[in-house]
There are 2 protein chains.
Amino acid sequence: MVTIREVAERAGVSLGTVSRVLNNHPSVRPAVRAKVNVAIQDLGYVPNPAAQSLRSARTRTIGLIVPDLLSSMTVELVRGVEDAVRPLGYALLVAESRFDPAHEAIHITNLLDRRVDGLLISPLESVSAVERAVTPSGIPTVLIQLRQPRRELPSAFVDEGPAIRSAVAELVAAGHRRVAFVHSAARVAGGRHRRELFRGTMAEHGITEGDELDGVFSDAEGCRRLVIELLRRPNRPTALVVGVHQFVPAALRAIREAGLEVGRDLSVIAFGDSEWARSMSPALSAIFVDQREHAEGAVDLLMRVMSGDRSGPMSIRSESVFIRRESCQPPRVEVAA
Amino acid sequence: MVTIREVAERAGVSLGTVSRVLNNHPSVRPAVRAKVNVAIQDLGYVPNPAAQSLRSARTRTIGLIVPDLLSSMTVELVRGVEDAVRPLGYALLVAESRFDPAHEAIHITNLLDRRVDGLLISPLESVSAVERAVTPSGIPTVLIQLRQPRRELPSAFVDEGPAIRSAVAELVAAGHRRVAFVHSAARVAGGRHRRELFRGTMAEHGITEGDELDGVFSDAEGCRRLVIELLRRPNRPTALVVGVHQFVPAALRAIREAGLEVGRDLSVIAFGDSEWARSMSPALSAIFVDQREHAEGAVDLLMRVMSGDRSGPMSIRSESVFIRRESCQPPRVEVAA
DNA sequence: CTGAAAGCGCTAACAG
DNA sequence: CTGTTAGCGCTTTCAG
């Protein structure tokens, strides 16, 4: 392996100078800098990251923990982070907590042990567990994909108020009154919060019924069973909101198994969007977040924290939007309360 | 940060001994080993990976390049690799080539520069480009998700012959003769190969027409346009095979836009499977690979190569299966040739 | 079986 | 502006 020493010899300078060139230290004469660069080129020299890390105590690596890569929104978030971080010279270590707090804890430990320079975490239900795991290490951490900012740690959050308001307005205007809201049981920060926001907004429209139509599940099969059960009730809902995108397929399957048709028999709105949701027939209405933008904001914030800059705000906000598609229709039959 | 030296002092032994305990070197007396472990626990010592790497010239990291994380099969592959590699003490660096050879090249360079101990690559069209990029470094590399083994580099491949044979048998038995095959233009190794295998198998059943129904595209929009065009022909196909899973939504949208209904008007088979494909209505027939198994095989092979063991076979085979679902039906109208 | 010692390749402080 | 030097924390001989 070619080392800095060989580059120095070839360029006829000392190690220190080569190092300075490598790190863009200003105090190198252009002529010398050029000479060194030529030597680097000729030799095909690439710095040894382990040596750099050992010496500088920085790994130029940042860790990212997401709940689940099986959602296209998460993948877009990962890409957004990757694209934001790479130009800054950082590599990205991605880990999936898979909706399991134990996994989440393990990944946090792993990433800390690997001495990442910064950490981006989309936490599961317990923010305080994350905080406790992360704080002692002192490694800069930013929470992402929250629904509201947290004081414990710097955070990037998505305000879903506006999107939920337009979704509800849409449903109510179309004549829906019995709307079910299903989400996964306390596994992703935000499920419950979304539901509360949704019910609150419904109440603003004078619709207070429906609480009994809400439900939580813990996996795809649970989601399917829950939705089937809801749809078989004598007074079934005319619209369904699915709080977690990953479980939309399960919900759709349940609707089909209940003998109903999306749009015609039951309006559907999903949190999150995907190529599949857009392309299915009928296309699915969605509450959508620009993950790329969210990612950029989060990385900005993380970089600020990493540089020790505590002057700006310690949270950053994105907004989600409601996209109406064919899956939202007026209810066929007005069901009396 | 607590170092090995402090552990040594606390345990009353020398650095070397602590290191030996860390690396499970057999020649440490159990009593001493226990003493050291206690000290490690007490101090909460975690080895510095940079120092370990620098000294041992191994990073305990393996790189994985996949074309695209927006496919659930790829995610399953990533998980399979992750789960296979973690118990062996390796971390995984995942990179997406995003169907772009330039990205692929950059990621290869990046990972090599980061001194990964091994590389797993699901190559795009040019295996030889990958070989050229990887070989000079001498870093053990295994190609994955191929359709046939390669001599240039150790490889894990999926034999799609059996699955394609049962898919074709199914289609032909149902009465289909005009079957279109669309795949993405030379972007993923295997597209063309799949088509050839498919056409060859059709020919074995005496069906030689249909070549003019095949097409390639380069993105979702291209796929949509291609499928619409195919379906508007006077003598349109009665079945459609989509060679790349990611583009299934685009194809479905095209079918809808052409005013046709999956199953009833047009049978559809997709390469690859996903929760969405299973749950849509009608459910999509699929050619499916156990990515987990594929991943395990690939990791096994990589570990063999990394250990310098050249005795076993340098390729490993998985098999895909055909899963018939509702999207395959007999054609409604027999179209005369 | 264990201790001592020599670096791995690089950065940063200090001279000059 | 550039050279010299002292380690960063660890693994791995080599003695004992």
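Just so it is clear: chains get the letters A, B, ... in the order the sequence lines come, proteins before strands, and each one is counted from 1.
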Checklist entry - For the pair made of CG in N23(A) and P in dG9(C), what is the distance, rounded to whole Å? => result 17 Å
Next on the checklist: Using a strict threshold of under 4.0 Å (side-chain N to carboxylate O), is an ion pair present between R98(B) and D83(A)?
Outcome noted: yes
Dump every N/O contact between nucleotides 3-6 of chain C and the protein below 3.5 Å, one line per pair.
{"residue": "dG3(C)", "atom": "OP2", "partner": "S14(B)", "partner atom": "N", "Å": "3.0"}
{"residue": "dG3(C)", "atom": "OP2", "partner": "S14(B)", "partner atom": "OG", "Å": "3.1"}
{"residue": "dG3(C)", "atom": "OP2", "partner": "T17(B)", "partner atom": "OG1", "Å": "2.6"}
{"residue": "dG3(C)", "atom": "N7", "partner": "R20(B)", "partner atom": "NH2", "Å": "2.8"}
{"residue": "dG3(C)", "atom": "O6", "partner": "R20(B)", "partner atom": "NH1", "Å": "3.3"}

Next on the checklist: Classify V18(A) by what it touches in the nucleic acid, base, sugar-phosphate, or nothing, heavy-atom distance under 4.0 Å.
Outcome noted: nothing
Next on the checklist: Is it true that S311(A) and D309(A) share a donor-acceptor pair across their side chains at a distance under 3.5 Å?
Outcome noted: yes
Checklist outcome for this item: N48(B) CG to dG9(C) P, in whole Å, measures 17 Å
Checklist entry - Is it true that R10(B) and E6(B) have a side-chain N and a carboxylate O under 4.0 angstrom from each other? => result no
Next on the checklist: From CD of Q52(B) over to C1' of dC8(C), roughly how many Å is that when rounded to an integer?
Outcome noted: 13 Å
Checklist entry - Roughly how many Å is it from CZ in R58(B) to P in dG9(C), rounded to a whole number? => result 16 Å
Checklist entry - Any chance the side chains of S97(A) and E104(A) put a donor and an acceptor closer than 3.5 Å? => result no
Checklist entry - Is T3(A) touching bases, backbone alone, or none of the nucleic acid, heavy atoms closer than 4.0 Å? => result sugar-phosphate
Item to check | First and last nucleotide of DNA chain D, 5' to 3', lying under 4.0 Å from heavy atoms of chain A | outcome: dC1(D) to dG9(D)
